[in-house]
Amino acid sequence: MRADIFSQSPEYSEFWSEYHLCTLTTLRRDGSPHVVPVGVTVDVDAGIARVITRKSSKKIANIQASRPGEARVAVCQVDGGRWASLEGTAKVLTDAAAVEDAVSRYADRYGRTPAPDPERVVIEITITRAMGLASRSRPTPSGRTT
């Protein structure tokens, strides 16, 4: 299935390269949402989003509680009237090469390299849906854009 992110505008992709904190939503066993602030990197060409975190976090436990390939998640960022959400399925990567790659991508987007952490893992999200409004022109109260 080709993800919606491949058909988004260049502005949408650019928005995902700007410095913005994001949220990650995972689902608890009872189906209720667990929403936390995170940094997210997006590889538009591959249709993959990544989040680095500690393996002991609740978000990791929520993902691992799902059957393989069925951990549904969403990441979102907002900047005034601009917003973007990505939905998909998540898996947890623990191998050193994947962690190193994700840390490098994080450093590129956020301008800092996190301190080494032996507990670090990667949440890799295969994007299935992309939504948002990333245009820099903003709607006015009358509905016209500026």
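What you see below is based on every heavy atom in this structure, not just the backbone, and it leaves out hydrogens, waters and symmetry mates.
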Grouping I, L, V, M, F, W and Y whenever their side-chain heavy atoms are under 4.5 Å apart, do [X] and [Y] come out in a common cluster?
{"X": "V73", "Y": "V44", "value": "yes"}
{"X": "L21", "Y": "V75", "value": "no"}
{"X": "V42", "Y": "F15", "value": "no"}
{"X": "Y106", "Y": "V51", "value": "no"}

Kindly give the heavy-atom pair with the smallest separation between [X] and [Y], and that separation in Å.
{"X": "R120", "Y": "P114", "answer": "NH2-CB, 3.4 Å"}
{"X": "R72", "Y": "T128", "answer": "NH2-OG1, 3.5 Å"}
{"X": "S85", "Y": "W16", "answer": "N-CZ2, 4.4 Å"}
{"X": "G88", "Y": "I125", "answer": "CA-CG2, 4.0 Å"}
{"X": "Y110", "Y": "G39", "answer": "OH-CA, 3.4 Å"}
{"X": "A49", "Y": "V40", "answer": "CB-CG1, 4.1 Å"}

Mind checking the [atom1]-[atom2] spacing from [X] to [Y]? Nearest 0.5 Å is all I need.
{"X": "I127", "Y": "R129", "atom1": "CD1", "atom2": "CZ", "value": "13.0 Å"}
{"X": "L24", "Y": "I63", "atom1": "CG", "atom2": "CD1", "value": "6.0 Å"}
{"X": "R50", "Y": "R105", "atom1": "CZ", "atom2": "CZ", "value": "4.0 Å"}
{"X": "H34", "Y": "N62", "atom1": "NE2", "atom2": "CG", "value": "5.5 Å"}
{"X": "Q77", "Y": "R82", "atom1": "CD", "atom2": "CZ", "value": "8.0 Å"}
{"X": "E70", "Y": "L27", "atom1": "CD", "atom2": "CG", "value": "12.0 Å"}

Taking Y12 for the side chain and M131 for the main chain, is one N or O donor matched with an acceptor at less than 3.5 Å?
->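 Checking the backbone N and O of M131 against the side chain of Y12, a donor-acceptor pair under 3.5 Å is found.
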
Side-chain (R109) to main-chain (Y19) donor-acceptor, under 3.5 angstrom =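 Not at all, since once roles are kept as given, no pair shorter than 3.5 Å links the two residues.
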
Does K58 reach the side chain of V36, with side-chain heavy atoms less than 4.5 Å apart?
->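 No, side chains not in contact.
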
Sole residue of L86, T23, T25, V35 in side chain to side chain contact (heavy atoms under 4.5 Å, CB included) with C76 =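 Per the side chain to side chain contact (heavy atoms under 4.5 Å, CB included) rule, the option paired with C76 is T23, out of L86, T23, T25, V35.
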
Side chain to side chain contact (heavy atoms under 4.5 Å, CB included) between T53 and V121, intermediate numbers included = CA-CA 6 Å; T53 190; V121 295; 4.0 Å; yes

Go through I123 and T26 one step at a time and tell me if the side chain to side chain contact (heavy atoms under 4.5 Å, CB included) criterion holds.
-> CA-CA 11 Å; I123 299 170; T26 59; 5.7 Å; no

Please check if atom CD in E100 has more than 12 non-hydrogen atoms from other residues, nucleotides or ligands closer than 6.0 Å.
->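 No, not enclosed.
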
Give the table of side-chain donor-acceptor pairs shorter than 3.5 Å for residues 89-97, with sequence neighbours excluded, one pair per line with atom names and distance.
unit_1: D95; atom_1: OD2; unit_2: A98; atom_2: N; d: 3.0

